[in-house]
Protein chains: 2
Amino acid sequence: MALKMRHNRSPNPPQPCMLTECMSIIAGAWAPNVIWSLRAGPRRFSELRSDIPPISAKVLSTRLSELEKRGILLRHVRRTSPPSTEYELTPLGEELIPALDGIVQVGHRLKQLQSADTDLAGTST
Amino acid sequence: MALKMRHNRSPNPPQPCMLTECMSIIAGAWAPNVIWSLRAGPRRFSELRSDIPPISAKVLSTRLSELEKRGILLRHVRRTSPPSTEYELTPLGEELIPALDGIVQVGHRLKQLQSADTDLAGTST
DNA sequence: CGGTATCCAAATAGATACTG
DNA sequence: CAGTATCTATTTGGATACCG
């Protein structure tokens with residue numbers, strides 16, 4: 001019988017493919033920034049470009065299409081002159097904000113740790 | 001004071017570079033899977049390879065080095081014969097788990113939504 | 001303004017072979 | 001077992017030009 005389960009070493013990773021697939025939502029260097037820029041409300045294409053300085057129109061356009069297709073954001077075109085387009089997070093998209101925030105928190109502490117290390121290295125001789 | 005605050009259109013994106021930098025912790029296709037596989041306790045190199053099926057030794061090795069350097073995990077070498085190495089999340093690394101989990105939750109609902117769409121499309125004629 | 005098309009550069013990943 | 005080295009393939013991003 002397969003009852004000789006080890007207390008650790010559990011060969012029980014819950015679908016790594018699922019994780020990979022979910023992570024692909026925010027894949028690419030810029031998707032998280034797009035979501036982040038939209039967290040406070042709708043933004044237009046050129047506003048997003050200013051929010052996220054070195055992003056090219058092509059990449060921004062590509063990311064926006066993908067995120068729209070996945071249901072993370074909505075695109076709203078106004079046929080004014082000049083034309084105007086607004087992008088806005090869906091409720092589901094908004095749920096990604098806390099997750100991104102969590103990662104930023106960890107990143108922040110990581111930097112503090114590294115500063116502390118440097119600090120100690122400098123004072124220990 | 002700067003009271004003429006616009007209710008939206010706020011030109012106030014909190015350091016997109018910071019977000020980008022933090023996100024780079026989990027950059028690459030496999031880093032999240034590595035962290036995920038370690039969430040239940042220490043794992044050895046070959047165990048991680050089995051956990052995350054199609055990962056090559058080179059990529060796993062690269063990711064592990066990066067994550068170790070950043071302080072997300074610890075490497076513990078046992079000079080036994082044959083040699084054995086264990087990888088383990090640091091406390092900071094463990095803090096990434098809830099964030100990853102949040103993303104997975106959203107991904108999961110996204111899939112449900114898409115199934116619902118398909119379902120409706122099939123029944124509406 | 002809000003994109004798309006094309007071409008090119010850089011980063012990431014995979015396959016294979018080899019080492020301690 | 002636990003990697004590293006090398007080479008190549010794929011993906012991603014950037015620059016520029018151009019269109020509605």
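To find a chain, count down the sequence lines: A is the first, B the second, and so on, and within it residues start at 1.
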May I ask you to say whether B/Glu95 pairs ionically with A/Arg109, meaning some side-chain N is under 4.0 Å from a carboxylate O?
yes
Gap between atoms CD1 and P, on B/Ile52 and C/dT12 respectively (whole Å):
17 Å
Would you mind classifying the nucleic acid contact of A/Arg75 as base, sugar-phosphate or nothing, using non-hydrogen atoms under 4.0 angstrom?
sugar-phosphate
Between B/Arg44 and D/dA2, is there a contact of a side-chain N or O with OP1 or OP2 at under 4.0 Å?
yes
Protein-proximity profile, nucleotides 13-20 of chain D, B/S/- by nucleotide at the 4.0 Å heavy-atom cutoff, equals BBB----B
Could you state the CG-P distance from A/Asp51 to C/dG2, rounded to the nearest angstrom?
13 Å
Any heavy-atom pair between the side chains of B/Leu60 and B/Trp30 that's under 4.5 Å?
no
Whole angstroms only, please: what is the OH-P distance between B/Tyr87 and D/dA2?
8 Å
A/Glu66/A/Lys69 ion pair, N-O < 4.0 Å
no
Please check the phosphate of D/dA2 (OP1 and OP2 only) for any side-chain N or O of B/Ser61 closer than 4.0 Å.
no
Partner of B/Val34 under side chain to side chain contact (heavy atoms under 4.5 Å, CB included), chosen from B/Asp51, B/Val59, B/Leu89, B/Ile52:
B/Ile52
C/dG3 C1' sits how many Å from A/Leu64 CG, rounded?
10 Å
Take the protein atom CG of A/Leu60 and the nucleotide atom P of D/dT12, then report the distance between them rounded to whole Å.
16 Å
Would you say D/dA2 has OP1 or OP2 under 4.0 Å from some side-chain N or O of B/Ser46?
yes
B/His76 NE2 to D/dG3 P, straight-line distance once rounded to whole Å:
13 Å
I need the CG-P distance between B/Asn33 and C/dT12, as an integer number of Å.
16 Å
Closer than 4.0 Å, any side-chain N/O of A/Thr85 to the OP1 or OP2 of C/dG3?
yes
Using a 4.0 Å heavy-atom cut-off, does B/Arg79 contact any base of the nucleic acid, only the sugar-phosphate backbone, or nothing at all?
nothing
Got a salt bridge between B/Arg78 and B/Glu86, using NZ or NE/NH1/NH2 to carboxylate O under 4.0 Å?
yes
Starting from A/Leu74, can I reach A/Ile26 by hopping between I/L/V/M/F/W/Y residues whose side chains sit under 4.5 Å apart?
no
From CA spacing to verdict: side chain to side chain contact (heavy atoms under 4.5 Å, CB included), A/Arg75, A/Thr85
CA-CA 7 Å; A/Arg75 185 181 167 205; A/Thr85 312; 3.7 Å; yes
Figure out the CG/C1' separation between B/Leu67 and C/dT12, and round it to whole Å.
15 Å
